[in-house]
Number of protein chains: 2
Amino acid sequence: MPYSIEHKQHSQERILAAAVDLFCRFGFDKISVAQVMKQANMTHGAFYAHFKSKSMLYAQAIKHAAVHSLWTREQHNISQLSDFKYLIESYLSLGHVNQLGSPCPLAFLVTDVAHSEPAVREVYQQTLQSMLSSMAKQLEQLDLKNPSALAQQIMTSMIGAVSVARTLSDEQLQLSILNNAKTVLFNQLKANE
Amino acid sequence: MPYSIEHKQHSQERILAAAVDLFCRFGFDKISVAQVMKQANMTHGAFYAHFKSKSMLYAQAIKHAAVHSLWTREQHNISQLSDFKYLIESYLSLGHVNQLGSPCPLAFLVTDVAHSEPAVREVYQQTLQSMLSSMAKQLEQLDLKNPSALAQQIMTSMIGAVSVARTLSDEQLQLSILNNAKTVLFNQLKANE
DNA sequence: GTCTATATGATGATAGAC
DNA sequence: GTCTATCATCATATAGAC
């Protein structure tokens with residue numbers, strides 16, 4: 001058995017990381033399987049030993065991106081409202097928009113996913129619901145009112161601001177949009193204290 | 001001269017209408033030139049007598065959709081705050097999300113455009129700026145504070161809510177997201193009265 | 001301007017050697 | 001599991017008749 005199971009897992013991990021990076025940066029349809037595999041340091045043909053189709057990779061990549069996203073990783077470090085606010089600020093930063101760290105697939109791929117097949121959209125919906133419920137739990141522990149509605153308001157506003165900023169080239173306008181979204185959300189937090 | 005100039009304009013109009021509908025519904029990359037032309041009741045080859053390339057059609061289609069969007073059409077009918085609120089409600093409706101009327105390209109194509117070539121992104125940015133400035137003017141006439149910032153907050157929140165709702169299949173979740181966005185925006189309007 | 005026909009290129013996916 | 005080579009398909013764009 002020349003290839004260990006760890007080796008396969010490591011290869012899959014590289015493919016997924018490459019897929020997240022490239023799909024978020026250039027879009028699902030603009031990136032070929034060959035390009036993903038090249039960034040993962042493999043050749044085109046090896047892909048199908050790991051995924052059944054390009055669409056299945058898409059679905060897995062969204063899950064992967066969600067797990068590794070800034071928001072998911074830092075969420076358990078929240079003990080007070082200021083921590084939560086800091087996380088919002090990080091999400092609404094130019095660094096996130098310019099995809100320096102790990103991008104949030106919900107923002108970078110919204111309409112992309114809307115135009116994909118049902119299985120992919122299903123994963124997007126599940127990912128969103130999972131993020132919403134864990135965020136609502138955090139908000140509840142911080143003693144905020146209407147945690148569920150608040151979480152939805154925060155998520156969709158953040159996704160809107162980041163996805164719009166992502167399409168713009170005018171950096172001043174980007175910054176303005178991101179900061180205005182922050183203002184709205186902080187107001188909304190205060191209103192539910 | 002067997003073809004009048006009105007005939008050409010009418011053909012272009014049909015192509016643009018088909019492009020808006022299909023691109024918003026299925027995505028730019030999922031729709032071929034042949035499909036657009038079929039919906040416009042012409043054949044593939046006739047396309048290039050009207051547009052230089054598929055990308056140029058994309059840019060023109062975004063402009064076309066913006067001009068014909070619900071928001072642009074109804075904007076001049078605003079005389080009081082309740083009119084403005086009604087427009088927000090229309091934008092944040094299931095009908096808009098399900099693309100029954102004229103879709104707003106800024107919401108239906110956000111990440112799609114982000115992954116397109118610079119010329120298309122430029123048109124998106126110009127369209128957004130144009131909508132923002134006319135909305136800010138309306139808000140100013142309604143004697144609201146910070147009209148420019150308010151307009152940005154409203155646009156990005158609405159785009160976020162509609163584009164997210166568009167990708168979901170769970171109708172309850174769609175409605176919840178749309179309604180929560182509405183609540184945030186009405187709060188924000190009240191805070192700037 | 002619109003049609004039919006075609007050139008040209010890229011992509012998703014498979015086959016078989018190692 | 002990964003490689004090279006290849007198939008089949010579909011896309012954008014062009015050419016030439018009407």
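Quick note on labels: first sequence line is chain A, next is B, and so on, each numbered from 1.
No donor-acceptor pair under 3.5 Å is formed between the side chain of Asn146(B) and the backbone N or O of Ala149(B). At distances below 3.5 Å, at least one donor-acceptor pair connects side-chain atoms of Asn180(A) with backbone N or O atoms of Ser176(A). A distance-only check finds no donor-acceptor pair linking the side chain of Thr111(B) to the backbone of Ala114(B) [under 3.5 Å].
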Intermediate values then yes/no, side-chain contact (heavy atoms from CB on, under 4.5 Å), Leu139(A) and Asn192(A): CA-CA 10 Å; Leu139(A) 293 170; Asn192(A) 285 277; over 6 Å; no
Start with the C-alpha gap between Arg166(A) and Gln99(A), add the side-chain angles, then the distance that decides, and say whether side-chain contact (heavy atoms from CB on, under 4.5 Å) holds. CA-CA 9 Å; Arg166(A) 175 84 181 76; Gln99(A) 209 173 326; 4.2 Å; yes
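With a 6.0 Å radius and a threshold of 12 heavy atoms from other residues, nucleotides or ligands, Ile5(B) has its CD1 atom at or below the threshold. Counting non-hydrogen atoms of other residues, nucleotides and ligands closer than 6.0 Å to NZ of Lys30(A) gives a total above 12. Within a 6.0 Å sphere centred on OH of Tyr86(A), other residues, nucleotides and ligands contribute 12 heavy atoms or fewer. Within 6.0 Å of CD in Glu13(A) there are more than 12 heavy atoms belonging to other residues, nucleotides or ligands.
Between Phe28(A) and Phe23(A), the angle of the ring planes goes over 60°, which puts this pair in the perpendicular group of the 30/60° scheme.
Using a 4.0 Å cutoff on non-hydrogen atoms, the parts of residues 10-43 of chain A near DNA chain C are Ile31(A), Ser32(A), Val33(A), ordered by number. Within residues 46-54 of chain A, the residues that have a heavy atom under 4.0 Å from DNA chain C are, in order of number, Tyr48(A), Ser53(A), Lys54(A).
Here the P atom of nucleotide dT2(D) and the CD atom of Gln9(A) are 12 Å apart, to the nearest Å.
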Any N/O pairs under 3.5 Å between the protein and nucleotides 5-8 of chain C? List them or say none.
none

